[in-house]
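Per chain, numbering begins at 1; letters A, B, ... match sequence-line order.
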Amino acid sequence: MDTGRTLSRRGVFAGGAALGAAAMMAGEHILLPHAASAGDARAPAHPPHLVPLHPRVDQITDIKVCIRPFRAAGPRLDVERIGDKTVFHNYGHGGSGWSLSWGSANLVVGKVAATLNRKVAVIGCGIVGLTAALTAQRAGFDVTIYTRDLLPHTRSVRANGSWTPASRIALTQTAGPAFADQWEQMARFSWATYRTYLGLPGAPILFEDNYILSDKPFDEGPARPAPAGAPGRMPRATEDFAAFDSRIRDIIPAAEDVPAAENPFAAPYAKRHSLMIYNFGAYGHLLLSEFHQAGGRIVIRSFHTPQDLTSLPEKVIINCPGYAARDWWRDDSLIPVRGQTAWLPPRPEAPYGLDYRGAALLSKTDGVMIQAVDLDGLGEMTGVGNSFEHPDPAEAARAIGVFADLFARMPMAGG
Amino acid sequence: MTMRIKSTMAACMAALTLGMAPAHPLAAATPCAEPAHGADLYRTACAMCHGTRLEGNFETPALTGRFVANWAGAPVSELEAYVHRAMPLMAPGTLSPDDTRAVVAFLLAANDLPQGKTVRVGARTRSACPS
């Protein structure tokens with residue numbers, strides 16, 4: 001984090017307006033941008049009255065397992081001919097499918113437009129397929145989605161549903177520098193599109209305060225270097241994974257230190273940032289409704305080999321199968337990265353998120369999500385190569401235990 | 001904001017300067033000279049909005065994909081006339097006719113479209129010009 005900026009924010013809040021006024025009188029115009037940037041953040045002068053959550057294993061309503069479709073080179077976005085069909089691939093977005101979906105769709109639909117066809121088939125109705133279909137409709141295409149399952153039943157909905165555009169999206173070395181530019185283009189376009197879904201009834205997309213808690217000071221030391229040699233298709237360590245987030249820090253709300261006096265949690269160190277989250281129920285229904293209202297057609301169909309596509313009437317196909325590409329497109333460049341979320345009943349009176357001791361919690365409209373992100377200190381290697389798609393109740397209990405323990409220790413304001 | 005205004009002004013100045021400049025001496029000397037000159041002009045006058053890779057953004061259209069579809073079959077002279085009267089957005093009309101032709105030649109080449117009187121999609125050949 002930018003320590004200098006954080007310190008200057010604290011200074012401004014401590015000194016109040018007098019500091020800014022003095023600076024202006026002294027003609028120190030250069031201080032004004034600091035004051036302005038500090039003023040953007042919300043920093044209450046007392047601990048916020050957050051309602052405690054006290055999650056318990058006996059409150060679990062569902063455990064969902066996702067398999068992130070990871071590719072070392074980044075998502076597959078190339079073009080392939082199958083018979084007389086032109087297939088535009090759009091899959092393999094790792095842990096960033098939701099976050100990059102609109103930007104990826106924008107890239108692919110741009111390429112499809114240049115073919116001058118007016119009818120397009122979209123394979124798959126996860127978040128990547130559905131946003132590709134909507135983007136194609138908005139570009140004037142007549143769109144049919146061919147899919148085995150609709151959005152609520154696809155792997156997409158087993159994600160945690162928050163803005164994570166660079167989560168296991170590629171390996172830095174394998175993807176190469178050009179992908180970083182492409183990622184930035186996708187991330188910026190997606191972010192801008194998601195913002196158009198803010199403030200709507202049912203809160204399909206919203207911002208929530210997310211608290212990052214720690215038992216020891218946040219490590220600001222230099223990043224460890226990646227292991228020597230090229231990783232190829234398989235990641236070897238956290239450091240192999242691409243870290244692109246700093247490229248878009250000008251549009252993503254920064255994390256700020258929560259001073260001890262304002263920290264309501266029983267963890268001595270805390271940061272807070274405003275996190276964009278996707279509420280699957282409201283957002284999924286909204287996107288499907290938009291697709292139907294714009295005249296889109298959905299055909300339930302299962303494909304077994306790439307040759308099956310030659311029977312479709314459309315000449316142009318956008319292929320969005322997600323992890324299923326490994327089976328039906330025989331694409332073994334897809335590496336499974338397992339993730340699991342436990343869901344507890346919604347708690348609308350406690351709308352915040354937590355990251356602590358390798359577990360994450362998000363209070364969403366469709367439930368309180370608790371995820372074991374990295375309970376064993378494996379970093380980004382957690383779940384790599386694991387395609388076990390069945391729930392692991394013990395893992396869910398460990399993650400819930402992290403927060404049960406946190407709330408049990410704290411005399412929380414208002415709690 | 002100050003920076004944005006400054007950079008916009010700089011781009012306007014650059015566009016005005018380019019508009020007054022004589023035609024590129026290499027223009028039309030070889031089939032590749034015009035797109036190459038156009039690429040230089042693009043970097044100076046267009047890339048700040050449409051992106052260095054013609055990729056556009058949420059507000060500004062890409063100059064690939066749908067751009068190709070929108071102009072397919074149209075006379076190249078119409079595209080040139082549009083670019084000349086409407087672009088760059090902050091200083092329209094500042095590209096000279098020669099520079100406008102060079103920018104359009106660059107846009108066709110960048111989309112693998114053949115040079116000629118019509119925007120011909122489907123007859124595309126891999127550009128022989130180094131990009």
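- Heavy-atom pairs under 4.5 Å with chain B were tallied for A:Ala113, A:Gly103, A:Gly140; the largest tally goes to A:Ala113.
- With a 6.0 Å radius and a threshold of 12 heavy atoms from other residues, nucleotides or ligands, B:Leu89 has its CG atom at or below the threshold.
- Heavy-atom distances place no part of B:Ala62 under 4.5 Å from chain A, backbone and side chain included.
- Side-chain polar atoms of B:Asp99 and B:His84 form no donor-acceptor pair below 3.5 angstrom.
- Proximity to chain B involves both the backbone and the side chain of A:Thr193, based on heavy atoms less than 4.5 angstrom apart.
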When you look at B:Phe58 and A:Trp102, which way does the side-chain contact (heavy atoms from CB on, under 4.5 Å) test go after all the steps?
CA-CA 10 Å; B:Phe58 192 71; A:Trp102 291 107; over 6 Å; no
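- Between the side chains of A:Tyr278 and A:Ser99, at least one donor-acceptor pair of N or O atoms lies under 3.5 Å.
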